[in-house]
Amino acid sequence: MPSHAPRPTTEPRTQSSHPQPATDDPLLREKAHLAASRSALRAMRADAEALNIADVTANWVNAEVLQGEVDARIKALADLSHTPLFFGRLDYLHAPGLELAEGASRGAAHSASGEGGGGRREGENFYIGRRHVHDADGDPMVIDWRAPVSQPFYRASKKDPMDLKLRRRFGYTGGELTAYEDEHLTDPAEAARTSALLQSEIERPRVGPMRDIVATIQPEQDEIVRAGIGGSVCVQGAPGTGKTAVGLHRVAYLLYAHRERLARSGTLVIGPNRSFLHYIEQVLPALGELEVKQATVDDLVGHVEVRGTDEAAAATVKGDARMAEVLRRAVRSHITLPQEPCVVVRGSRRWRVPAYELEEIVQELRDREIRYGAAREALPQRIAHAVLVRMEQAGEAPDDRVQDAVARNAAVKAAVKAVWPPVDPAKLVLRLLGDADFLAEQAEGILTPEEQKTILWPQPGSGKRAARSVKSAKWSAADAVLIDEATDLITRTPSLGHVVLDEAQDLSPMQYRAVGRRCTTGSATILGDIAQGTTPWATDTWEEALTHLGKPGSAVEELTQGFRVPREVIAYASRLLPAIAPDLTEATSIREAAGDFAIRPVDPAGLTAATLTACDDALAKEGSIGLIAAEARIPELRTALEAAGVTCLAPGEETSAEARLTLVPATLAKGLEYDYVVLDEPAAIVDGEPDERTGLRRLYVCLTRAVSGLTVVHAAALPEQLTDR
């Protein structure tokens, strides 16, 4: 931890007149402000706990809803003792404009605009932290990092000081303030330099789940975080550039800036698997956001139980965007033009709508391309309207109640059922995949006969028995996506206000469509890395992916400055880029530490022993260890670790002092990070994939999980791209 910076000749006044200790030591003054802020936070929580809502609600339903909001508020005001309450301070040259100051206190803007608290004065300072804290008078003691007035903490520079005189960063050990570091942005005598505290925070060991980066957000990251809610943003980020953290902090920012809107419409974070979601689940709560939902794509489309798997070729065809048109045809194939008139009996009168008129009604609804279910609901009302026209022509004066009664008439219901029958999405996909003739009819001119045969389930007599019911079918993950598409063709999928999609490069076009349906009227943040695409259907361009997502033309931002992976490691892994993603810019790292990096060739007979030795070496250091290996090598390595008395965790499980080593199948390594990585037999990782390009991409992922050190242990030859050192 760096020593304290030379203290300023004068200490600027804090944003409210809180008593300061009689000392010339700036660090003691800052510690006093921290103690006062923690006390104020406790008082805010106590006020929330003391709220009595017994007499402010009309009924028990409202009371439960309000109590839930109060409980959430109490939970959000928890003082996390090992988490710094503030991590920076801004000293402005002039009073910030009202539009900035309003965001400084969210409820105490009067003090920022000169009302209350003695008014705002030049030379005041703002403490920047994870959440807003105010004193008993409502004056802010800590400013939320998302407030407009906090933005210069992340973007101000010598070239553009943004009206700052000084930016101060704080260093902590646990929750105790131990150091500070000043940057005088308007002092020409002070040269620009890399913040030692910033560097120390970036290089701090990664133990446990992913943590927030709120104290270390860089200018290019902050621009993405604070992008408006009106548009979608795609972030192409090399390993270690913080794209996942940027996406999560963007959610926190949008909830701050548009809380009421997103409270109504909802937000969702979508990750590649449960291990990944478990790894990131503490980031948003640490930022005070407790209500954001998390899910995988499989969770979104969980209409049926997935018990089967597809061969890569079948999954690729099922994931192709052309399947959307096949399904549209299949749904609409149930519509038949009427051959008989509809005769409605009311009392002693019979009202007849001829077949040709019914055909016109059906044809008009079909041509409008509205959803199948919505059209089916509209059809009886259209037929009833035709009957009412005849009633009026006969001198009657029917009203809306009569029309509704006619729409419910048995003859009308029978006519609707005959020409526009109900369709069950799962049964439709069951028929499509199990009936060769039906598939051929719907896929004609879209899928080739070979592609149709690839996705068709085995027929009776071919050695396996085709499924006869939705429950007995062994649905695959790709089948579930098809059912979700069919469901949306029938009934509109509700849209959320904002969706974050991480590791997006691995999604199929049909999976993109499934995610896109969840944000048709909202915005999205798409995160990924083309070079880390490891599925046979992985996207090659973000433009194509955004089109499938329903967000064509969205901004694509590229992050190439790494903060996690050591320089030597990212440079080594980047040798694979020409073979796996030639159009991408090679990432660089701002980390000053080179990191531990070693390649250990061994005899085949000694591979497992050498891997365990590398793990022992890593365990002698501080931090988490990830032993990454091909799926086929996992059982042998687990047995060897158990025999050696080394406890190993599964991906996503939280590390501890007693268990710091995680045994990670290469297929689950994406998105995870460890202080030290031991990579077992790269050739086995490459060979475990269906083709060399996918295998090299998988290897690229595994090589870039290291934060402080990487040891590659191999008996087989390394890929040629990595052999020349």
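Residues passing the ring-ring contact (aromatic ring centres under 6.0 Å, His included) test with W475, sequence neighbours excluded: W457. Qualifying ring-ring contact (aromatic ring centres under 6.0 Å, His included) partners for H249, counting only residues two or more places apart in sequence or in other chains: W145.
Side-chain atoms of L379 and I383, non-hydrogen and from C-beta on, do get closer than 4.5 Å to each other.
Of the charged side-chain nitrogens involved, at least one lies within less than 4.0 Å of a carboxylate oxygen, so that D222 and R226 count as a salt-bridged pair. D502 has no carboxylate O lying under 4.0 Å from a charged side-chain N of K243, or vice versa, which leaves the two without a salt bridge. Using a 4.0 Å cut-off between a side-chain N of Lys or Arg and a carboxylate O of Asp or Glu, E396 and R390 do not qualify as a salt bridge. D212 and R130 are joined by a salt bridge, as a carboxylate oxygen and a charged side-chain nitrogen come within less than 4.0 angstrom of each other. Here E289 does not pair with R131 in a salt bridge; the nearest charged N to carboxylate O distance is not below 4.0 Å. For E305 and K471, the salt-bridge test fails: no basic side-chain N is under 4.0 Å from an acidic carboxylate O.
The two residues S554 and K551 have their closest heavy-atom pair at OG-O, 2.8 Å. Across all non-hydrogen atoms, the minimal contact from A314 to I455 is O-CG2, 3.8 Å. Nearest heavy-atom pair across Y279 and G671 is CE2-O, 3.6 Å. Closest of all the heavy-atom pairs between L527 and T244 is CD1-CA, 4.0 Å. Pairing each heavy atom of S232 with each of A524, the nearest pair is OG-N, 2.9 Å. For the pair K318 and M323, the tightest heavy-atom approach, listed with the atom from each and the gap, is O-CG, 3.6 Å.
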* **Intermediate values then yes/no, salt bridge (Lys or Arg N to Asp or Glu O under 4.0 Å), K670 and D506** => CA-CA 11 Å; K670 193 173 297 180; D506 278 331; 2.2 Å; yes
* Mind running salt bridge (Lys or Arg N to Asp or Glu O under 4.0 Å) on D299 and R274 for me, showing each step along the way? => CA-CA 10 Å; D299 294 333; R274 281 283 150 199; 2.3 Å; yes
* Asked: Does the pair E485 and R328 meet the rule for a salt bridge (Lys or Arg N to Asp or Glu O under 4.0 Å), with working shown?
  -> CA-CA 9 Å; E485 180 83 26; R328 192 194 72 83; over 6 Å; no
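Within a 6.0 Å sphere centred on CZ of R73, heavy atoms belonging to other residues, nucleotides or ligands number 12 at most. Counting non-hydrogen atoms of neighbouring residues, nucleotides and ligands closer than 6.0 angstrom, the CD atom of Q363 exceeds 12 such neighbours.
Under the 3.5 Å distance criterion, with hydrogens and angles disregarded, no donor-acceptor pair is assigned to the side chains of T267 and K293. Side-chain atoms of Q452 and E450 form no donor-acceptor pair, as typed in the model, at a separation below 3.5 Å. Using a 3.5 Å distance cut-off with no hydrogens or angles, the side chains of D484 and T487 do not pair a donor with an acceptor. No side-chain N or O of E557 forms a donor-acceptor pair with one of Q236 less than 3.5 Å apart.
A distance-only check finds no donor-acceptor pair linking the side chain of W537 to the backbone of P509 [under 3.5 Å]. A donor-acceptor pair under 3.5 Å links the side-chain atoms of R329 to the main chain of Q442, judged by distance alone. The backbone N or O of D488 lies less than 3.5 Å from a partner atom in the side chain of R371, making a donor-acceptor pair. The backbone N or O of S495 lies less than 3.5 Å from no partner atom in the side chain of T520, so there is not a single donor-acceptor pair.
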Let me check something: any side-chain donor-acceptor pairs from residues 413-429 under 3.5 Å, sequence neighbours excluded? List them with distances.
unit_1, atom_1, unit_2, atom_2, d
W420, NE1, Y372, O, 3.2
D424, OD1, A426, N, 3.1
D424, OD1, K427, N, 2.9

